[in-house]
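All figures in this text were calculated on a predicted structure; none of them were measured in a lab.
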Amino acid sequence: MSTLFRSACSCLASLSGAEAGATARVFQRLRYNRSFSGVSMQGTQIVASQRVCGRCYSYFLNRKATGVEQWEKKEQEKNEYGVSFESLCQMSIHNLKIYRFTRSSNINKIFDRVGTTEDLAMAETVLKRFRHGLSKPRPSLPLAVIRACSRVGKPRRGLHFVRNKVDYGVFPTLRVYNVLMDSLLERSDAKGVIAAYNQLLSDELQPNPVTYYLATVAHAKLGETEQALAFSQLCAPEPKLATVARSAVIKILVEQKQTEKALELTHQLLKEGFLPAQTALNLRVHVQVAAGDYAGAITTLEAELCSHGNQELGMPYRYFPRLQQAVQESTDEEVKEKMKVLVEKLHSFGRLPSDSKQKQEYPSMEQSPSME
């Protein structure tokens, strides 16, 4: 430990607990201001002279007189970059206006720190000037731009940047397009997803299975089931993802109150071998419960699980609690009796644990394991 650091520590030790804590916090802030007289960094230690320590102590004693409170408040508004967002933007615009040059890392930092639509508009102004400067953008800039738009809830603005990539200098990769399409889906903007997919093709990029999955969900939300299934076939290089895509189409049909079409499609995909037997069972129960056909769901479970020939099939733990709850709330005594018989059969075949363990292992449907 250096002599200067020991002297600083001894100065801190001479203060009371509250005063030492406040002075130490000032030292912690001074590590971001190397121009301050007497402060430097050696590794991760703050090295200070007794003169600086005395100055910090005088600041602590005269906080209101010296304006330390306002300074600390301003420092709290800064993040790890050590400068406010507005200052960083103004500095970049000034350098680009005078020298036509600024650090490309500063542009990435600006978009990484966008938190409001006003910040996004300011960052867009900087990006336009940066495009006409002499600096070269970082390869990660397109992803930073798209994530900034998603963060403020404006993924459509990200599509605008992509469409005008020559004006902004934002040339997205396939990964950036996938992030954009996913952001648009989170905002339920299916048409925007299709527009981003078409823009991707116009850029002569080759989609991957994730891209096809996102396009599948978008077409399904638009009610274009045939096109959604066609895109799900393109996910074939990733079998699990293809299964998830087809399951998503069926679940979207249920959300759109097209339960009969969803059940028919489930049977068709199972017959053609495009859905695993376990996933098909889960979806059939889900569709029947959503349609209010509790008796049909009970019959399906009894036929598939209460026989020695289907031991490879597991319980649909995600949907069975929903069926139990729906039957309990039903006023149909016949359905309740069927449910009681089904539970007894499932116990006898070892499909369900004993009543004492069932509440512990399956307390709620959110905590139930997914079998898909």
Could you report the tightest heavy-atom contact between [X] and [Y], atom names first, then the distance?
| X | Y | value |
| --- | --- | --- |
| Cys235 | Pro209 | SG-O, 3.6 Å |
| Pro142 | Pro172 | CB-CA, 4.0 Å |
| Ser87 | Ser84 | OG-OG, 2.7 Å |
| Leu174 | Leu205 | N-CD1, 4.0 Å |
| Thr216 | Ser232 | OG1-N, 3.3 Å |
| Leu270 | Ala277 | CD1-CA, 4.1 Å |

Scan side-chain atoms only and decide if Ser105 and Asn108 contain a donor-acceptor pair under the 3.5 Å cut-off.
no
inquiry  = Less than 3.5 Å apart, any donor N or O on the side chain of Asn164 or His160 sitting next to an acceptor on the other?
reply    = yes
Below 4.5 Å, heavy atoms only, C-beta onward: do [X] and [Y] meet side chain to side chain?
| X | Y | result |
| --- | --- | --- |
| Leu120 | Arg151 | no |
| Ser104 | Leu141 | no |
| Asp182 | Val210 | no |
| Pro137 | Val170 | no |
| Arg147 | Asp112 | no |
| Leu281 | Leu305 | yes |
| Thr173 | Val176 | yes |
| Leu323 | Met339 | yes |

Any chance you could lay out the side chain to side chain contact (heavy atoms under 4.5 Å, CB included) test for Asp332 and Lys336, step after step, and finish with the verdict?
CA-CA 7 Å; Asp332 193 339; Lys336 291 184 177 180; over 6 Å; no
Examine [X] and [Y] and state if one hydrophobic cluster contains both, with Ile, Leu, Val, Met, Phe, Trp and Tyr joined whenever side-chain heavy atoms are less than 4.5 Å apart.
| X | Y | value |
| --- | --- | --- |
| Val285 | Val341 | no |
| Tyr317 | Val327 | yes |
| Ile107 | Leu143 | no |
| Val249 | Leu241 | no |
| Leu127 | Phe85 | yes |

Check for a donor-acceptor pair, side chain of [X] on one end and backbone N or O of [Y] on the other, with a separation under 3.5 Å.
| X | Y | value |
| --- | --- | --- |
| Glu334 | Ala295 | no |
| Arg246 | Leu275 | no |
| Thr266 | Ala280 | no |
| Ser330 | Ala326 | no |
| Arg322 | Ala290 | no |

Please tabulate, for side-chain N and O atoms in residues 88-96, each donor-acceptor pair with protein atoms closer than 3.5 Å (sequence neighbours left out).
{"from": "Ser92", "atom 1": "OG", "to": "Leu88", "atom 2": "O", "distance (Å)": "2.9"}
{"from": "Asn95", "atom 1": "ND2", "to": "Met91", "atom 2": "O", "distance (Å)": "3.4"}

**Request:** Show your reasoning for whether side chain to side chain contact (heavy atoms under 4.5 Å, CB included) applies to Thr211 and Gln206.
**Result:** CA-CA 9 Å; Thr211 313; Gln206 179 60 41; over 6 Å; no
In Å, rounded to the nearest 0.5 Å, how long is the span from [atom1] of [X] to [atom2] of [Y]?
| X | Y | atom1 | atom2 | answer |
| --- | --- | --- | --- | --- |
| Ser150 | Arg157 | OG | CZ | 13.5 Å |
| Ile110 | Glu124 | CD1 | CD | 13.0 Å |
| Gln256 | Leu222 | CD | CG | 9.0 Å |
| Leu301 | Leu346 | CG | CG | 7.0 Å |
| Arg129 | Ser135 | CZ | OG | 14.0 Å |
| Arg175 | Asn208 | CZ | CG | 12.0 Å |

Residue pairs meeting salt bridge (Lys or Arg N to Asp or Glu O under 4.0 Å), one or both in residues 272-298, sequence neighbours left out, come to Arg284-Glu304
Residues 187-197 vs salt bridge (Lys or Arg N to Asp or Glu O under 4.0 Å), sequence neighbours excluded, gives Arg156-Asp189
Worked verdict on Val152 versus Asp119 for side chain to side chain contact (heavy atoms under 4.5 Å, CB included) = CA-CA 9 Å; Val152 300; Asp119 292 348; over 6 Å; no
Item to complete: Please state whether the rings of Phe231 and Tyr212 are parallel, tilted or perpendicular, taking 30° and 60° as the class boundaries.
Response: tilted
Partner of Gln288 under side-chain hydrogen bond (donor to acceptor under 3.5 Å, both in side chains), picked from Thr299, Thr259, Thr300, is Thr300
Grouping ILVMFWY residues whenever side-chain heavy atoms fall under 4.5 Å, the cluster of Phe171 otherwise contains Val166
Anything under 3.5 Å between a donor and an acceptor, one on a side chain of residues 192-199, the other on a protein residue two or more places apart or in another chain? List them.
{"from": "Asn198", "atom 1": "ND2", "to": "Ile194", "atom 2": "O", "distance (Å)": "3.2"}
{"from": "Gln199", "atom 1": "NE2", "to": "Ser202", "atom 2": "OG", "distance (Å)": "3.4"}

Item to complete: Evaluate the criterion side chain to side chain contact (heavy atoms under 4.5 Å, CB included) for residue pair Lys240 and Val244; output intermediate values, then yes/no.
Response: CA-CA 6 Å; Lys240 291 185 178 180; Val244 172; 5.5 Å; no
Looking at Gln233, I want to see if its CD is surrounded by more than 12 non-hydrogen atoms of other residues, nucleotides or ligands under 6.0 Å. yes
By salt bridge (charged side-chain N to carboxylate O under 4.0 Å, His left out), Lys165 pairs with (sequence neighbours left out) Asp203
